[in-house]
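Heads up, the thing below is written out as structure tokens.
If you're wondering where the values come from, they're calculated on a predicted model, not measured in any experiment.
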Amino acid sequence: MGVIAAQALYQALATGATVEEAVKAAQQEMIDKECTDWHLLRMYRDTRPIAELVTPLRTKNRERLKFTAPEQEFLDENNQVKVASQFEFVGRRRPLQRCLKALQETTDQVGVFIAGMGGLGKSTLAARLCTRVQMQRPNFTRVVLIGPLDEKGLLNKLSNKFERFADVPALLNEPKISLKGRLQNFFEVIEKEHNQPLLLVLDDFEQNIPIANIEDGSLRMTTEAYEILEAICAALAETGTESRLIVTCRYLKEDTLPPHRLHLESLAGMSSSDIDKICFPLDKEVRQQLRTQRIINIANGNPRLLKWLLEVIQQPGLAADELLNRLEETEQKFRENILAQTLLDALEPEEQKFLAQLSVFHLPVTVEIINAISPPPSLLQKLTSLSLVESATTHSTHLANYQVTTMLEPLLEAFLTEEEWQATRQQAVRKIHQVWWEDNENSTEAEALEIVRLGLLAREQEIAVSVGLRITNTWVNKSRFVEALDLCEQILAVYEDYRILGSIAPSEEVLGLVQEAVAHYQQALDLCPEKELKEKATTLNNMALVLANQGDIARAIALWEQSLEIQEQIGDVQGKAATLNNMALVIAQQGDIARAITLWEQNLEIQEQIGDVKGKAATLSNMAVVIAQQGSIARAIALWEQSLEIQEQIGDVKGKAATLSNMAVVIDQQGDIPRAIALREQSLELQEQIGDIKGKAATLNNMAYIIAQQGDIARAITLWEQSLEIQEQIGDVKGKAFTLNNMAYIAGETGDKARELELNLQAASAFAQVRAYVDLVTVLNNLDIIDESKGLVYLAQAIWLTLRIQAPLTDTIELIIDLFNAIPQGDEIQAWLGTTALFLCNHRGESHPQLEEFQERSFEMISGAAGAQVIEIQEAFDAWFIQQRLNDPDYFLPRLNQRLEEIVGDGWLFDRSQVSMGG
């Protein structure tokens, strides 16, 4: 009911009715729509009369609304660029309607800004807008400026257009008045005194954006262009005149525009129906219409291909019908090739050879680069006119770039011998490596990938590997693991290089290919030259971390010790610090906190000596996590604050985000939920800023957990779904497992036991995939509690794992006690469980703060097993202990293992064959 009343009320007010009339109109509308509460719509006021709030349209001397000009596409009224005529114009109905609405005198906008890539019809749309506006308001004067914008050129253009009015040029060039002030005076005079409002078009506005700002993605225009555009928009807005602005530009980034009230319109590719409309009327005769329709079908919605077909098909001397028959019978991907063959056959041998040489590049290149593989390219103009070579420039002052249409490649193979192809590729990759890589600090990703691609074809190993290694490391840091894996595989298919083998493994680990990661690390070690000790030490460190995540702690520590030995030998103190940091993390997870902190303190001393402030910040953050877990919250927060201070000083955004996320966990546990959420949000913002997708997913997961504990389950689930979507996208199997585990916990807390079980099973599967066996033990323990019918099955699997991996001693002893209590009293497995617990205490519990407690509980289990056999005196106990061979781990461990496997039966949640003995 309220909507009906509001629509009628505001419609009446907007068309010049008084408030009283508008209320009556709204009441009448409600009566007509059978709204039973129409009588409740009332207006309260004092005794003063209320007149109309707006002046009706077309009232004499009515004050005009103020408008703001948007920026749109390129237009050339001097025939420098071809645009479709009024009668040729088809499609773009909705963009046209939106832009026309923004250009009306009744809107609060002052124009339009049309954006889109080259060839989408921005200039044609701008031309059509000018035609429509001038048809509706014939008194408009159109002024078009193309490309670079400067104050002198703008004022000269406007002065020349209005030179019949003597006062206008003088206003535009009046000294001591700002450009904005002169334009304000100009807009008021041309409308109020001369009734000649302006339709100003700034076409090809991307030429005002320096090439460097396009390459770095900032898209900032030149200062002069910004100030001129700002002055135009402000003058139009503040004078409230009828004049309007149209801008066309290839790029649109709102935060680079000055303050404005422009309608922003971004163009997309044209639909097939619009392309049909463009092409179908080209030929009038039936035969020609059929031919054109066949061309439309062949183009399959590709405007560039369509244009090429239409132009080539009309060239004299081509057997068009025969050509079209061949095209229709061939798959779409070969259509351009077959058409090109006709053109290629007409080229001179010199032109064919040049075209083949140029085709080795898959990115546009300058004449300077072309000169490295061929004599001066005087043939470019002809080949470009035939569309065999594409030419493009981003800025009018920028050198042209040239590229051979990629679909020509298979047809060019015969134009060079294999030796000539290889020589051309080698010359080409060396030149682009020099120009794009060595001499350029801001190489684009596309250029780097082209260097790698061409380097592999040219068999230039050092170029391909060194550039590929840099790209891979960058991608891994930005969580682009799938792309990093693919690139490394491409390089390894040609060169089995130790550097790439070491670089592919981190992505494989994240993507769940843990066995492959370990194998590639081993290959990297085997192939690493003896003199590359630093590389070898780094590989050992990284490989150890993967093995530690699998629970093979003993082997991991052995590798770390090898890494440390090499690093000390060669004096690689920074590498040594990184290795110590990783070792300390794992040792802390095993419960030996004192030793971990000793390693971290040693690490900090090294980092202080070498000035490694970034490493110091990471060490402080890791120390704080462990210290907080020990209950020393104040000290932990002090360490985090030290870490944050360093990270802010050096601009370590990724490290800062991780530190904030760690702090949030502890602050949440302390009960300060609002601050914890604020820290998570700050961390998330930083991760989005630097593109740390993996970190963002982890933060979303943790934030969801906090929010769920607050009771906002719906919002938490939304965040978890976002986290899972990212983790699926980048293939972060382990991260996905943690998210599923958190979701399972909250499902259990809210009473959804079925969902809790389902999510835990999914988490277990994911942890098993990446061989994160320590984490898998935790999930199996959860499943034991959730699913009582299979509790023993899950518990037996967890203990089976702890016998093979070095899981935290606390978790291991608790699991053994749980199974001991679940087994019927008197079962021989109880004795094996007790002696196994004692054995693990003695072999894994050195320096553990709870060692004595765990040993005592182990003895209690052994005594309980003896008591079940009615063994009560010490002498009988000693005899029973020896008789049952409980003093022989080579006996009781295999027996326990066998019984555990019998309990599990066919219920294994992981592949046992992949688990190695690491405990």
Side-chain angles (χ1 to χ4, degrees), residues 441 469-470 472-479 499 502-503 505-506 521 528 532-546 548 556-557 559-589 593-628 635-663 683 686-687 689-690 692 694-695:
E441 295 181 357
L469 192 63
R470 180 92 65 86
T472 301
N473 291 338
T474 300
W475 281 352
V476 169
N477 288 335
K478 292 186 176 181
S479 305
R499 293 165 292 180
S503 187
Y521 276 133
C528 185
E532 296 292 343
L533 293 175
K534 185 176 180 179
E535 184 74 27
K536 182 177 182 180
T538 301
T539 303
L540 286 166
N541 178 25
N542 294 337
M543 183 177 178
L545 196 57
V546 177
I557 290 177
L559 293 179
W560 274 320
E561 287 172 348
Q562 287 183 53
S563 179
L564 284 172
E565 184 180 350
I566 295 171
Q567 288 157 343
E568 288 176 354
Q569 175 188 336
I570 64 175
D572 181 11
V573 286
Q574 190 167 2
K576 179 181 177 181
T579 301
L580 287 171
N581 191 30
N582 285 341
M583 285 182 72
L585 275 173
V586 172
I587 289 168
Q589 289 169 1
I593 306 300
R595 186 183 173 202
I597 290 176
T598 299
L599 287 173
W600 273 319
E601 288 172 345
Q602 184 183 347
N603 202 19
L604 285 172
E605 187 178 340
I606 294 171
Q607 289 161 336
E608 287 279 3
Q609 289 174 357
I610 65 174
D612 181 11
V613 287
K614 184 176 181 181
K616 178 182 176 181
T619 301
L620 289 168
S621 184
N622 289 336
M623 280 182 72
V625 172
V626 174
I627 288 169
R635 186 184 172 202
I637 290 176
L639 291 174
W640 274 320
E641 288 173 347
Q642 272 186 265
S643 179
L644 282 174
E645 184 179 354
I646 295 170
Q647 288 158 341
E648 287 175 354
Q649 286 175 356
I650 65 175
D652 181 10
V653 182
K654 187 174 183 179
K656 181 180 177 182
T659 300
L660 289 168
S661 185
N662 288 337
M663 287 181 71
S683 174
L686 292 173
Q687 287 158 341
Q689 177 184 326
I690 63 172
D692 181 10
K694 185 181 179 184

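Under a 3.5 Å cut-off, the side chain of Ser563 and the backbone N or O of Leu559 do not form any donor-acceptor pair. At least one donor-acceptor pair under 3.5 Å links the side chain of Thr474 to the backbone N or O of Arg470.
Here the CD-CD distance, from Gln649 to Glu645, works out to 5.0 Å after rounding to the nearest 0.5 Å. Note: Met623 CE to Asn603 CG = 9.5 Å, rounded to the nearest 0.5 Å. Atoms CG and CD1, on Leu533 and Ile570 in that order, are 5.5 Å from each other to the nearest 0.5 Å. Between Thr579 atom OG1 and Leu540 atom CG the span is 8.5 Å, to the nearest 0.5 Å. Taking CZ from Arg499 and CG from Leu469, the interatomic distance works out to 7.0 Å, rounded to the nearest 0.5 Å. Interatomic distance, CG of Leu686 versus CG of Leu660, reported as 6.5 Å (0.5 Å rounding).
Counting heavy-atom neighbours within 6.0 Å of Gln574 CD, excluding the residue itself, gives a total of 12 or less.
At least one side-chain heavy atom of Thr659 sits under 4.5 Å from a side-chain heavy atom of Gln647. Side chains of Ile646 and Asp652 form no contact here, defined as non-hydrogen atoms less than 4.5 Å apart.
Among all heavy-atom pairs drawn from Pro506 and Ser503, the shortest one is CD-O, 3.2 Å. Of all heavy-atom pairs spanning Trp560 and Ala548, the tightest one is CH2-CB, 4.0 Å.
When the side-chain hydrogen bond (donor to acceptor under 3.5 Å, both in side chains) test is applied to Thr539, no partner is found at least two apart in sequence or on another chain. For Gln602, the side-chain contact (heavy atoms from CB on, under 4.5 Å) criterion is met by Lys576, Leu580, Leu599, not counting sequence neighbours.
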Determine, stepwise, if the pair Asn581 / Trp600 fulfils side chain to side chain contact (heavy atoms under 4.5 Å, CB included).
CA-CA 6 Å; Asn581 191 30; Trp600 273 319; 2.7 Å; yes
